[in-house]
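Worth knowing before you read on, the calculation uses all heavy atoms, side chains too, and leaves out hydrogens, waters and symmetry mates.
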Amino acid sequence: MSSIVKPDYKIRCGHCQQLLRPIWTMQTIRCPCCNHINRIPKTSLGLDGSPPITTGAGNSQCWKIESLYNKLRDKLSGANTYYSYAPSGGRLLEGAPSGSLRPSDSGPRKRAVLCGVTYRKKKYKLKGTINDVKNMKQLLMVSFGFLEQNIHVLTEEESDERKIPTKKNIQDALQWLVRGIRSGDSLVFYFSGHGLRLPEHSQGDELDGFDETICPVDFTKVGMISDDEINSKIVRPLVKGVTLHALIDSCHSGTVLDLPNVYDCKEGKWVDNKPLSGANKGTQGGLAISLSACADSEIAADTSVLTGKAMSGAMTYSFVHAVAKNPGLSYGELLRSMQEVIDQANKSNCLNSKLLSRVCSAKLLQEPVLSSTEIFDINLKRFEL
């Protein structure tokens with residue numbers, strides 16, 4: 001059964017009262033602001049087909065509405081504000097979402113690849129990446145209407161070996177992400193894990209002389225995935241009308257997509273990041289935007305300081321918190337909100353962390369980095385996926 005999401009269907013979190021947009025075929029929903037698990041009540045439908053706003057912990061009108069829901073689904077399956085999914089005859093990935101998305105008439109198509117690597121049983125293991133992926137998936141579904149079957153998750157928790165974040169599986173997932181794209185499509189690539197820098201492979205390709213990379217779970221055996229490869233796989237294929245957002249929570253990730261424009265928050269202007277070699281790092285008319293955890297020379301934190309309990313990447317937590325609390329914010333507001341979360345942590349909890357005191361001189365020293373294939377006014381352009 002395909003899920004149907006109407007953007008104005010909402011419930012309230014039973015803990016923090018944040019408005020949430022549930023998937024009505026699911027039984028529970030996690031609040032991205034406070035992580036409270038809310039039960040989705042089976043409410044009666046109003047005359048306009050909309051469930052009334054209620055609290056996630058509420059018991060109001062918990063009637064059996066399966067037949068009404070099915071009638072509503074059949075009636076509205078072709079409306080422009082609803083998105084449906086249907087598999088195609090062929091597949092790019094075995095065990096992955098099908099390569100063809102069938103949206104409702106003239107409606108946008110959305111798909112995402114979410115990758116979290118913990119590097120289990122290694123000295124350099126991370127503890128927050130699984131939580132990061134779960135929080136990002138929830139945010140995409142609740143706030144932006146992504147369907148679960150159109151989100152390809154790669155973590156070491158997956159039982160299917162083809163969904164383990166190996167180098168090959170990540171490469172295959174990136175190919176699936178851009179397969180069959182067309183104008184109006186919205187794509188998301190999210191990565192939470194280690195990132196490294198290497199001397200540039202092609203001379204004159206990097207302004208700082210280094211390639212930035214992401215580290216699959218098997219990177220010590222088969223190597224990393226470089227910024228050049230990521231650019232060629234998911235940036236260069238973007239045709240006009242297609243938008244890609246990359247969210248990279250790893251060290252040295254500032255220009256990990258090799259996009260030609262980087263925003264300087266201190267100067268309040270875009271900076272040219274085009275390679276001296278003249279290599280084309282742009283798209284075929286589409287738009288690619290990347291939000292990274294830190295500059296190329298910085299490290300990113302995996303910490304419980306921001307959440308108070310569960311481990312999470314500092315960038316991921318601040319991003320989810322900002323977007324969930326302020327729907328419709330601009331890119332400028334997003335950057336400022338994310339930085340405020342980190343600054344607040346530095347003023348309070350960070351100084352109490354012995355680990356962060358050693359690694360980050362008692363502070364989270366990372367600042368989010370925005371890069372893009374196009375220059376735009378970050379205070380006017382709204383963030384949307």
[atom1]/[X] to [atom2]/[Y] distance, rounded to the nearest 0.5 angstrom?
| X | Y | atom1 | atom2 | result |
| --- | --- | --- | --- | --- |
| Leu291 | Tyr263 | CG | OH | 13.5 Å |
| Leu370 | Cys265 | CG | SG | 7.5 Å |
| Gln339 | Ser318 | CD | OG | 8.0 Å |
| Gln171 | Lys168 | CD | NZ | 8.0 Å |
| Lys125 | Lys121 | NZ | NZ | 10.5 Å |
| Asn261 | Lys269 | CG | NZ | 13.0 Å |

Do [X] and [Y] have side chains that get closer than 4.5 Å, going by heavy atoms?
| X | Y | answer |
| --- | --- | --- |
| Asp258 | Ile230 | no |
| Ser250 | Ser192 | no |
| Asn326 | Ser337 | yes |
| Leu257 | Leu244 | yes |
| Thr166 | Phe219 | no |
| Asn169 | Glu161 | no |
| Phe191 | Val117 | yes |
| Pro165 | Pro216 | no |

Looking at [X] and [Y], what are the two nearest heavy atoms and their distance?
| X | Y | result |
| --- | --- | --- |
| Asp377 | Asn379 | OD1-N, 2.9 Å |
| Met136 | Leu114 | C-CD1, 4.3 Å |
| Leu140 | Ala112 | CD1-CB, 3.7 Å |
| Leu238 | Val242 | CD2-CG1, 3.8 Å |
| Gly195 | His252 | O-CD2, 3.4 Å |
| Glu384 | Phe144 | CA-CE2, 4.1 Å |

Has [X] got a side-chain atom pairing as donor or acceptor with [Y]'s backbone, closer than 3.5 angstrom?
| X | Y | answer |
| --- | --- | --- |
| Arg236 | Asn231 | no |
| Ser372 | Glu374 | yes |
| Tyr119 | His194 | yes |
| Thr373 | Ala288 | yes |
| Arg197 | Phe210 | no |
| Lys167 | Met224 | yes |
| Arg111 | Trp176 | yes |

Check ion pair [X]-[Y] (N to O, under 4.0 angstrom):
| X | Y | answer |
| --- | --- | --- |
| Asp264 | Lys266 | no |
| Glu333 | Arg382 | yes |
| Arg109 | Asp185 | yes |

Inset, instruction - Quick one: list whatever passes ring-ring contact (aromatic ring centres under 6.0 Å, His included) with Phe189, sequence neighbours left out. - result: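 In terms of ring-ring contact (aromatic ring centres under 6.0 Å, His included), with neighbours along the sequence ignored, Phe189 is linked to no residue.
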Legend entry - cation_pi(Lys381, Phe376) dist<6.0 Å, angle<=45: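 Here Lys381 passes the 6.0 Å and 45° test against Phe376.
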Inset, instruction - Assess whether side chain to side chain contact (heavy atoms under 4.5 Å, CB included) is satisfied between Glu148 and Met141, documenting all intermediate values. - result: CA-CA 7 Å; Glu148 186 171 19; Met141 295 173 64; 3.8 Å; yes
side-chain contact (heavy atoms from CB on, under 4.5 Å) against [X], all qualifying residues, sequence neighbours excluded:
| X | result |
| --- | --- |
| Ser226 | Thr213, Asp228, Glu229 |
| Pro237 | Val178 |
| Thr243 | His245, Leu287 |
| Glu157 | Arg120, Ile130, Lys134, Thr155 |

Inset, instruction - Go through the side-chain N and O atoms of Thr316 and Tyr190 and say whether any donor and acceptor fall under 3.5 Å apart. - result: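 Their side chains do contain a donor-acceptor pair, which is all the 3.5 Å distance test asks for.
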Inset, instruction - Using only heavy-atom distances, determine whether the side chains of Thr129 and Asp132 contain a donor-acceptor pair under 3.5 Å. - result: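 No - no donor-acceptor pair under 3.5 Å links their side chains.
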Legend entry - Residues Lys281, Lys274; criterion side chain to side chain contact (heavy atoms under 4.5 Å, CB included); working and verdict: CA-CA 8 Å; Lys281 297 290 185 174; Lys274 298 182 182 70; over 6 Å; no
Inset, instruction - I would like to know whether Leu196 and Cys215 meet side chain to side chain contact (heavy atoms under 4.5 Å, CB included); could you show each step before the answer? - result: CA-CA 7 Å; Leu196 293 173; Cys215 300; 3.8 Å; yes
Legend entry - Hydrophobic cluster partners of Val262 (side-chain heavy atoms under 4.5 Å):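 Reading the cluster by chain and number, Val262 sits alongside Val369.
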Single-linkage hydrophobic cluster, 4.5 Å side-chain cutoff, [X] and [Y] together:
| X | Y | result |
| --- | --- | --- |
| Ile164 | Tyr124 | yes |
| Ile214 | Val222 | no |
| Leu335 | Ile375 | yes |

Inset, instruction - Could you please spell out the steps behind the side chain to side chain contact (heavy atoms under 4.5 Å, CB included) verdict for Leu259 and Val235? - result: CA-CA 8 Å; Leu259 302 185; Val235 176; 3.9 Å; yes
